[in-house]
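I have placed the structure first, in the form of structure tokens, so that the comments after it can refer back to it.
Quick note on labels: first sequence line is chain A, next is B, and so on, each numbered from 1.
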Amino acid sequence: MMIRANGPFDYGLAYDFMAQQDDCLYRAQAGTIRKAAVLDGLRVLFEVSEGSEANSVEVAILMNEGVPESTVRNYVIEWFDLEYDLDAFYRFARQDGRLGPVVETLYGYRMTCTVDMMEGLLWSVLGQQINMRFAFTLKRRLVEHFGHHIAFEGERYWLMPEPAEILALDTESMRSMQISYRKAEYIHRCADGIEAGTLSKAFLERMDDYESALAHLTSIKGIGPWSANSVLMRTLKFRNAVPIGDAGLKNAIRMTDNLEEKPDRAYIQAVTDEWGGHGAYATLYMWRVLG
DNA sequence: TGCCAGGGTCTTT
DNA sequence: AAAGACCATGGC
């Protein structure tokens with residue numbers, strides 16, 4: 001099936017970004033991206049590749065336990081953020097001194113979202129303060145520990161474990177994966193919240209006010225402003241969410257503004273205030289000015 | 001080798 | 001309110 005984006009979309013840019021990540025929950029190879037997922041309790045393996053028409057992707061289902069095609073379609077729309085009005089962002093960005101140059105070189109670049117809430121929260125905790133390479137290693141160890149995968153053509157396509165399974169995983173097992181005690185505790189809290197419903201995606205989606213959702217997320221021990229906004233941006237699609245304090249964003253602003261030192265919190269706040277409702281995509285593009 | 005990493009909490013000024 | 005200690009370990 002083919003899916004067209006709302007406005008410009010460059011599959012190659014999405015592919016290149018995803019291929020350079022070391023994410024165990026999809027496989028990027030030879031221009032195609034394969035992913036296994038459990039959707040409404042049923043397993044499915046599908047493949048995304050460049051669409052035959054402009055600004056589109058092609059989706060092929062490789063293995064399916066009965067997930068409706070429309071469900072897979074909606075998943076891919078969310079994953080590649082194909083509904084976002086990218087032209088509206090560009091109209092704003094072209095008039096911005098920082099964003100103007102970078103949006104020209106990345107025309108059609110969209111966010112790769114994290115559809116699953118447990119995965120989004122897990123990443124927002126694992127990604128705290130450590131280098132990305134190591135964070136991906138930790139994620140891989142945790143995911144592979146549970147062993148859930150779909151085998152296809154001699155390869156394993158790993159599935160995200162359920163919150164209940166993560167909740168049941170003891171701290172010592174996580175420590176043996178080199179996840180710190182604190183992060184193990186935070187991950188348990190997140191899994192518990194999803195199980196209880198107060199951190200479920202459906203619950204937070206109903207909380208359509210940004211300030212309320214932010215306050216709710218940061219009330220969880222271990223979820224600070226950076227982690228909360230990471231989830232608001234990539235899983236809940238709040239377009240004004242910006243991970244304040246993000247190291248990459250600091251470095252990017254330092255570069256665009258030609259600063260001697262990294263900008264402080266007030267400086268960053270002033271910049272992100274200018275972005276307003278375009279903050280999430282402004283951040284996405286700013287990350288790319290570092291190369 | 002030392003500094004930095006897509007931070008957060010808790011304690012102390 | 002702001003600054004410092006501590007966590008914890010890989011990557012470059």
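- Looking at the side chain of Arg182(A), the nearest of the listed nucleotides dG8(B), dA8(C), dG10(C) is dG8(B).
- Of the N and O atoms on the side chains of Tyr181(A) and Glu172(A), at least one donor lies less than 3.5 Å from an acceptor on the other residue.
- Here dG7(B) is the nucleotide among dT9(B), dG7(B), dC4(B) with the atom lying nearest to any side-chain atom of Gln128(A).
- The separation between Tyr181(A) atom OH and dG7(B) atom P is 24 Å, rounded to whole Å.
- With ring centers used as reference points, Tyr285(A) lies under 6.0 Å from Phe89(A).
- Side-chain N or O atoms of Asn229(A) include one that pairs as donor or acceptor with a backbone N or O of Pro225(A) at under 3.5 Å.
- The shortest non-hydrogen separation linking Cys190(A) to Ile223(A) is SG-CD1, 3.8 Å.
- No contact: Glu185(A) has no heavy atom under 4.0 Å from any strand.
- As rounded to whole Å, 24 Å separates atom P of dA8(C) from atom CZ of Arg133(A).
- Atom CG in Asp22(A) sits roughly 14 Å away from atom C1' in dG11(C) (whole-Å rounding).
- Summarising the geometry, the separation between CG on Leu126(A) and C1' on dA5(B) is reported as 14 Å, rounded to the nearest angstrom.
- Of the listed nucleotides (dG10(C), dA5(B), dG11(C)), dA5(B) has the atom at the smallest distance from the side chain of Asn251(A).
- When each of Arg110(A), Arg234(A), Arg239(A) is paired with Asp81(A), the salt bridge (Lys or Arg N to Asp or Glu O under 4.0 Å) condition holds for Arg239(A) and for no other.
- Side chain of Lys221(A), nearest nucleotide from dT9(C), dA8(C), dT9(B): dT9(B).
- The residue among Ile220(A) and Phe136(A) whose nearest nucleotide of DNA chain B lies closer to the 5′ end is Phe136(A).
- Residue Met286(A) forms a side chain to side chain contact (heavy atoms under 4.5 Å, CB included) with just one option from Thr256(A), Val271(A), Val102(A), and that option is Thr256(A).
- Put simply, Ser227(A) has a side-chain N or O that comes within less than 4.0 Å of OP1 or OP2 on dG8(B).
- When each of Arg265(A) and Gln178(A) is assigned the nucleotide of DNA chain C bearing its nearest heavy atom, the one mapping closer to the 5' terminus is Arg265(A).
- Heavy-atom distances under 4.0 Å link DNA chain C to no residue of residues 267-290 of chain A.
- Going from atom NZ of Lys183(A) over to atom P of dA5(B) covers 14 Å, rounded to whole Å.
- If you check dG10(C), dC4(B), dG7(B) against the side chain of Asn131(A), the one that comes closest is dG10(C).
- In this structure, CZ of Arg254(A) is placed 12 Å from C1' of dC4(B), rounded to the nearest angstrom.
- With P as the reference atom, dC4(B) and dA5(C) are 16 Å apart, rounded to whole Å.
- Rounded to an integer number of Å, the gap from Tyr186(A) OH to dA8(C) P is 10 Å.
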Hey, mind stepping through Asp273(A) and Gln269(A) against side chain to side chain donor-acceptor pair (under 3.5 Å) and telling me if it holds? CA-CA 6 Å; Asp273(A) 283 350; Gln269(A) 189 69 57; 3.1 Å; yes
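- Following rounding to the nearest Å, Lys250(A) (NZ) and dC4(B) (P) show an atom-to-atom distance of 11 Å.
- When every heavy atom of Leu159(A) is checked against every heavy atom of Ala36(A), the shortest pair comes out as CD2-C, 3.6 Å.
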